[in-house]
Amino acid sequence: MDQVTVDQGFWDLFPDAQVNILYADGINNHDNDENVTERRQLLHNATKEAQKFLTNETFRLNPVIDQWRKAYQQFKKKKGARASVEALLKRANQGRTFEPINPLVDVYNSVSITYGVPVGIEDRDKIAGDMHLGIAKGGEAFDSVGDGKNEPALEGEVLWYDNDGAVCRCLNWRDGERTMLTEDSQNVVAVIESVNAEQIKRANEAMEELSKLIQHYFNVEPSQVFHLTKDNPTAVVPK
């Protein structure tokens with residue numbers, strides 16, 4: 001994988017959007033008993049921070065949820081698909097806790113919950129060719145995480161994709177098993193999508209925090225943060 005490109009089709013739907021990209025190499029994502037307590041506290045603190053996005057008793061009327069639901073009305077999607085941040089905030093809204101999974105997943109979940117933004121991280125070594133965000137032609141292969149069942153993308157769906165098919169379906173709804181993070185993932189790409197100015201502000205803060213947490217937990221220096229727009233749609237992997 002040499003670069004991430006956001007296709008024109010995405011900008012046609014969301015001309016004011018921004019996509020933040022961050023690369024990191026040399027991650028050791030194996031579970032670490034030395035920091036599992038710290039990661040549990042990180043998730044606990046994030047859950048408390050989430051309450052600032054959950055001020056309306058009617059969950060769907062909270063601005064973060066409402067904005068993403070309206071964005072998802074702009075393209076074809078699988079029935080019931082929602083932005084990834086909605087699933088996390090719903091869990092926080094229900095008073096449920098987040099238990100550690102693996103270091104990098106814990107880090108990006110904590111950032112997503114704290115800043116109310118969708119955060120995704122993929123294993124770059126599993127991406128076939130370059131990674132794109134664009135509009136599905138329909139039929140792009142997708143093995144859903146958990147069951148491994150092939151659920152091809154729908155024509156007109158917004159998705160992340162590479163030469164072998166879908167990487168993440170319905171914008172940021174769900175990763176595929178083929179490219180998802182595992183404990184053995186070492187070289188990764190992180191993405192945060194935003195569709196309006198208020199989201200962009202939080203996404204910029206979130207990506208800076210993600211960079212700091214990656215340095216803290218993995219002792220590696222991530223790349224600069226790339227801010228992709230319709231006028232600057234590509235982020236090349238630093239060599």
Side-chain angles (χ1 to χ4, degrees), residues 3-21 53 59-90 112 115-122 127-146 149-180 189-203 206-207 226-235:
Q3 63 186 34
V4 169
T5 296
V6 181
D7 300 343
Q8 184 59 44
F10 175 81
W11 304 119
D12 290 343
L13 282 179
F14 302 109
D16 299 321
Q18 178 176 286
V19 178
N20 289 7
I21 300 293
F53 302 116
F59 179 71
R60 65 179 174 81
L61 296 181
N62 286 289
V64 169
I65 308 306
D66 183 56
Q67 289 173 19
W68 278 110
R69 288 197 181 188
K70 287 176 178 174
Y72 270 53
Q73 292 171 4
Q74 303 305 305
F75 57 87
K76 185 76 172 177
K77 63 183 182 298
K78 180 179 169 63
K79 185 178 179 180
R82 307 285 195 197
S84 62
V85 67
E86 175 171 336
L88 294 174
L89 290 178
K90 185 173 185 178
S112 181
Y115 292 90
V117 296
V119 183
I121 299 187
E122 303 293 342
I127 300 294
D130 294 327
M131 192 166 81
H132 292 255
L133 175 61
I135 310 299
K137 296 176 181 177
E140 288 88 345
F142 180 81
D143 293 329
S144 183
V145 169
K149 179 182 177 183
N150 184 28
E151 297 181 289
L154 303 170
E155 183 180 357
E157 180 182 322
V158 174
L159 81 170
W160 288 96
Y161 69 95
D162 65 4
N163 291 347
D164 286 350
V167 170
C168 185
R169 281 195 58 189
C170 300
L171 186 49
N172 53 54
W173 167 59
R174 183 169 294 174
D175 284 334
E177 201 161 280
R178 175 172 61 88
T179 61
M180 74 176 200
V189 54
V191 307
I192 302 178
E193 307 96 344
S194 310
V195 296
N196 62 41
E198 188 268 337
Q199 290 182 1
I200 288 170
K201 181 178 183 297
R202 286 187 282 111
M207 200 59 112
F226 296 86
H227 304 96
L228 303 189
T229 65
K230 61 181 182 293
D231 297 321
N232 181 34
T234 297

Excluding sequence neighbours, so at least two apart, what forms side-chain contact (heavy atoms from CB on, under 4.5 Å) with [X]?
X    : result
A128 : D162, N163, D164, R178
D66  : K70
Q8   : W11, D12

Taking side-chain hydrogen bond (donor to acceptor under 3.5 Å, both in side chains) as the test, write out the residues that go with [X], two or more places apart.
X    : result
N62  : none
E198 : R202
S112 : none
K90  : none

Whether the W160 and E193 side chains hold a donor-acceptor pair (N or O, under 3.5 Å, no angle test) is what I'd like checked.
yes
Go through the side-chain N and O atoms of T234 and Q3 and say whether any donor and acceptor fall under 3.5 Å apart.
no
With K76, which residues qualify under salt bridge (Lys or Arg N to Asp or Glu O under 4.0 Å), at least two apart?
none
Excluding sequence neighbours, so at least two apart, what forms salt bridge (Lys or Arg N to Asp or Glu O under 4.0 Å) with E151?
K78
Report the residues that fulfil ring-ring contact (aromatic ring centres under 6.0 Å, His included) with [X], sequence neighbours left out, ordered by chain and then residue number.
X    : value
Y161 : H132
F142 : none
Y72  : F75

Give the minimum heavy-atom separation between V85 and P118, together with the two atoms involved.
CB-N, 3.8 Å
